[in-house]
Amino acid sequence: MKRSQRSRREELTGWLMASPWIIGFLFLTLGAMSFSLGMSFTDYDFFNKPGFVGLEHYKQMLFEDRLVWHSIKITTLYALFSVPLTLVLGLMLAVLLNQKLKGISVFRTVYYFPSVLPEIATIFLWILVFDPSFGLFNSILKWFSISGPNWLGSMEWALPSFVIMSLWGVGGGMLIYLAGLQGIPTELYEAAKVDGSNRMTTFFKITLPMLSPVIFFNLVMGIIGALQVFNQAYIMTSGGPARSTYFFMLHIFYTSFQEYRMAYASALSWLLFLYIGLLTFIVFRFGEKKVFYG
């Protein structure tokens, strides 16, 4: 009886501790998503009462709105380049910073620090870096007598500029890799050393397999984050030049807050949700067994 009362008390305490998150999820996340889904079947425009239109917005979105597929293409291209580069660079930095050297914690802090800087301040910093007249990149190129491009004002270089900028936040993934590296049993490395394995063999035979769950996690989170790029494009280029950086989140924003087509923007949001869900499912479908079961 005492154990039963104690377990009930502990269960009640657990629910009370979790209740702020549960309430926030129900009203601010699940509630908002349900409202958005219902609104996507109406003609709500912020000023007039909504009327039911069925699947009209989804039909327009898939077959009539060319900007949908253009923005999906731009967003996907960005993710295809930024996510692998971020994964590889983060892993390389983590391996370098996993050494037992004096003062290594200082370097870990330096590489992680950009990840915690305010995003807006970072964006304005990169605007100066990409400036074609006195920016850091073009100033360095001038030392080698190379005329640098108009990074954010060129159709060819605007999207690559965003990919380069994405590497600025590699410290977050690096920290997770570092935690994974420090969780690998040292006995494995000692046994490999006794067997005569060199560093390269040890890395590919021990480090990478043991880090595969961490790589898998960073890959999934990287895809989700890359497909929701907004602040950088809105502040730096507003989708230009010639819509070369017109990400899908920009299309949702302009549709809802410039054209006031709230219902259609809700349908666009659900398309993005399904696209992210599909890519995440594919990653889990083809990567989970290999990662966790070999």
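This chain uses plain numbering: 1 for the first residue, then up along the sequence. The analysis underlying the following values was restricted to heavy atoms, covering all of them including side chains, and did not include hydrogens, waters or symmetry mates.
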How far does [atom1] of [X] sit from [atom2] of [Y], to the nearest 0.5 angstrom?
X    : Y    : atom1 : atom2 : answer
I206 : M210 : CD1   : CE    : 9.0 Å
Q60  : D65  : CD    : CG    : 6.0 Å
T75  : L159 : OG1   : CG    : 9.0 Å
I176 : L181 : CD1   : CG    : 12.0 Å
N138 : S147 : CG    : OG    : 7.0 Å
L211 : L208 : CG    : CG    : 7.0 Å

Whether F137 and W126 hold their rings parallel, tilted or perpendicular, with breakpoints at 30° and 60°: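 Perpendicular.
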
Geometric class of the Y254/Y234 ring pair [parallel <30°, tilted 30-60°, perpendicular >60°]: tilted

Residue pair I72 / L271, side-chain heavy-atom distance below 4.5 Å: yes

Contact check, side chains of L178 and Y112, non-hydrogen atoms, under 4.5 Å: no

Using the rule that two of Ile, Leu, Val, Met, Phe, Trp, Tyr join whenever any of their side-chain heavy atoms come within less than 4.5 Å, decide whether [X] and [Y] are in one cluster.
X    : Y    : answer
F130 : I235 : yes
M221 : L167 : yes
L89  : L96  : no
F281 : L272 : no

Ring-face cation of R261 near Y264 (centre distance under 6.0 Å, axis angle within 45°):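 Output yes; distance and angle both within limits.
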
Validation row, ring centre F248 to ring centre Y275 under 6.0 Å: no

Within the 6.0 Å centroid threshold, strictly below: H251 and Y246: yes

ring-ring contact (aromatic ring centres under 6.0 Å, His included) partners of F247, counting only residues at least two apart: Y78, F162

ring-ring contact (aromatic ring centres under 6.0 Å, His included) against F47, all qualifying residues, sequence neighbours excluded: Y260

Could you give the side-chain donor-acceptor pairs of residues 17-39 under 3.5 Å, partners two or more places apart or in another chain?
{"from": "S19", "atom 1": "OG", "to": "L16", "atom 2": "O", "distance (Å)": "2.6"}
{"from": "S34", "atom 1": "OG", "to": "L30", "atom 2": "O", "distance (Å)": "2.9"}
{"from": "S36", "atom 1": "OG", "to": "W270", "atom 2": "NE1", "distance (Å)": "3.3"}

Nearest non-hydrogen partners of S269 and I252, listed with the distance: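 Looks like OG-CG2, 3.6 Å.
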
Side-chain donor-acceptor contact under 3.5 Å, S197 with T202: no

